[in-house]
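Shown next, in structure tokens, is the structure this report addresses.
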Amino acid sequence: MTSPTLYRLLALSLLVPLLLLLSACGSQPSVLAHYGAPPPVKPMPIKVEPVALPDEVMPLLVYHQSLRRMTQGELLKELSGLLQQQRTPKVTLQTGMILMLTRGGGDLARAQGLFDGVAASNDPGSQGLRAFAQLLGSHCAEARRLYDQADRLSVQLKDTTKRTEQLSDTVEALKAIERGLPVRPANGANGAAAPGGR
């Protein structure tokens with residue numbers, strides 16, 4: 001046997017087992033095929049119960065109705081008691097409600113300032129009261145506008161009444177002067193006397 005033939009046989013003898021090994025590896029099932037693909041993971045649904053905020057507005061509406069039945073003295077006494085309490089959003093709104101009804105000098109403006117403060121507050125205690133405070137603040141602003149308009153109309157009415165009285169006095173004075181003037185003779189009497197004098 002020549003050496004090239006020997007080399008070929010040797011190469012084939014080495015190549016055949018290598019090919020058999022490679023084909024055996026290719027025919028083996030994969031690990032994933034043996035165990036199967038894992039099922040997709042679905043997120044567990046979390047049940048969140050809605051948290052009901054306590055109704056903080058209804059007691060304030062009831063409080064406002066009770067204030068409307070009070071006299072001015074009772075309102076001032078209630079106000080004095082509130083001013084001695086700790087300043088919470090609820091107490092602030094109650095104070096503003098009283099100031100809306102006392103209507104002293106600047107009380108409506110003070111009430112509006114209190115309401116606007118609660119409406120703009122970031123205090124967690126104001127959370128359920130902000131919308132109500134905003135409503136009360138708007139009501140105060142409208143009431144102030146109407147009171148200012150009523151004051152302007154009242155001033156205009158007084159001025160008009162004063163001018164009317166002055167004009168009436170002037171007319172009466174002119175009538176009195178007219179009554180005091182001597183009576184003029186009629187034109188017909190003068191015309192009849194002229195021919196007789198010639």
Side-chain angles (χ1 to χ4, degrees), residues 40-179:
V41 179
K42 294 182 180 178
M44 294 283 295
I46 300 173
K47 291 186 178 180
V48 178
E49 295 294 329
V51 179
L53 293 173
D55 187 2
E56 301 175 68
V57 175
M58 186 57 70
L60 287 170
L61 290 173
V62 173
Y63 179 73
H64 186 259
Q65 289 301 317
S66 68
L67 291 177
R68 292 176 65 85
R69 293 189 289 269
M70 292 184 183
T71 64
Q72 285 294 312
E74 291 170 335
L75 286 172
L76 293 175
K77 184 177 179 182
E78 182 74 13
L79 179 62
S80 175
L82 284 175
L83 293 176
Q84 295 174 6
Q85 294 183 25
Q86 181 182 357
R87 182 65 55 172
T88 64
K90 180 181 176 184
V91 170
T92 302
L93 292 183
Q94 288 174 323
T95 304
M97 287 181 190
I98 294 175
L99 291 173
M100 284 173 65
L101 297 173
T102 54
R103 294 179 183 168
D107 283 353
L108 267 178
R110 287 174 57 204
Q112 184 179 354
L114 293 174
F115 297 145
D116 290 346
V118 174
S121 174
N122 292 326
D123 182 2
S126 304
Q127 183 177 1
L129 298 172
R130 287 186 197 127
F132 185 55
Q134 189 175 10
L135 177 68
L136 290 172
S138 299
H139 179 72
C140 274
E142 181 64 15
R144 289 177 65 194
R145 186 185 69 78
L146 291 174
Y147 281 124
D148 290 344
Q149 185 177 6
D151 286 343
R152 284 195 301 272
L153 290 174
S154 177
V155 170
Q156 289 175 4
L157 179 62
K158 285 178 182 176
D159 290 344
T160 303
T161 303
K162 186 176 179 181
R163 282 197 298 265
T164 303
E165 289 174 354
Q166 288 173 347
L167 287 173
S168 179
D169 291 344
T170 304
V171 169
E172 288 300 323
L174 289 173
K175 285 182 180 179
I177 291 171
E178 186 181 10
R179 284 192 296 268

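Model, not experiment: these values are computed from the prediction.
Screening V91, L99, L136 against L114 for a side chain to side chain contact (heavy atoms under 4.5 Å, CB included) leaves a single residue, L99.
Here R130 contributes atom CZ and E56 contributes atom CD; the two are 10.5 Å apart, rounded to the nearest 0.5 Å. Rounding to the nearest 0.5 Å gives a distance of 12.0 Å between OG1 of T160 and NZ of K162. In this structure, CG in L79 is found 10.0 Å from CD in Q84, a value given to the nearest 0.5 Å. The CG atom of L157 sits 14.5 Å away from the CZ atom of R152 when rounded to the nearest 0.5 Å. Atom CG of residue L101 and atom CD of residue E74 lie 12.5 Å apart, to the nearest 0.5 angstrom. Here the CG-SG distance, from L135 to C140, works out to 10.0 Å after rounding to the nearest 0.5 Å.
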(request) Start with the C-alpha distance between T95 and R110, add both sets of side-chain angles, then the distance that settles side-chain contact (heavy atoms from CB on, under 4.5 Å), and finish with yes or no. (result) CA-CA 10 Å; T95 304; R110 287 174 57 204; 5.7 Å; no
(request) Verify salt bridge (charged side-chain N to carboxylate O under 4.0 Å, His left out) between R145 and E142, making sure each step is shown before the conclusion. (result) CA-CA 5 Å; R145 186 185 69 78; E142 181 64 15; 2.6 Å; yes
(message) Assess the residue pair Y63 and E78 against the criterion (side-chain contact (heavy atoms from CB on, under 4.5 Å)); give the C-alpha distance rounded to whole Å, side-chain angles, the decisive distance to 0.1 Å, and a yes or no.
(response) CA-CA 11 Å; Y63 179 73; E78 182 74 13; 2.8 Å; yes
(request) For the pair D107 and M100, evaluate side-chain contact (heavy atoms from CB on, under 4.5 Å) and give the outcome as yes or no after the intermediate values. (result) CA-CA 7 Å; D107 283 353; M100 284 173 65; over 6 Å; no
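The two residues A141 and Q112 make their nearest non-hydrogen contact at CB-NE2, 3.6 Å. Across G128 and V57, no two heavy atoms sit closer than the pair O-CG2, 3.8 Å. Taking every heavy atom of both residues into account, P89 and V118 meet most closely at O-CG2, 4.1 Å. Residues A143 and L108 approach most closely at CB-CD1, 4.1 Å, considering heavy atoms.
Contact of the D169 side chain with the E172 side chain is not registered, since no non-hydrogen atoms from C-beta on lie closer than 4.5 Å. In this structure the side chain of L75 reaches within 4.5 angstrom of the side chain of Q72, judged on heavy atoms.
Residue Q166 places its CD atom among more than 12 non-hydrogen atoms of other residues, nucleotides or ligands, all under 6.0 Å distant. Crowding of H64 atom NE2: a count of heavy atoms from other residues, nucleotides or ligands under 6.0 Å exceeding 12. Annotation: D159, atom CG; neighbour count of heavy atoms from other residues, nucleotides and ligands within 6.0 Å is above 12.
With S121 contributing its side chain and G117 its backbone, the two residues share no donor-acceptor pair below 3.5 Å.
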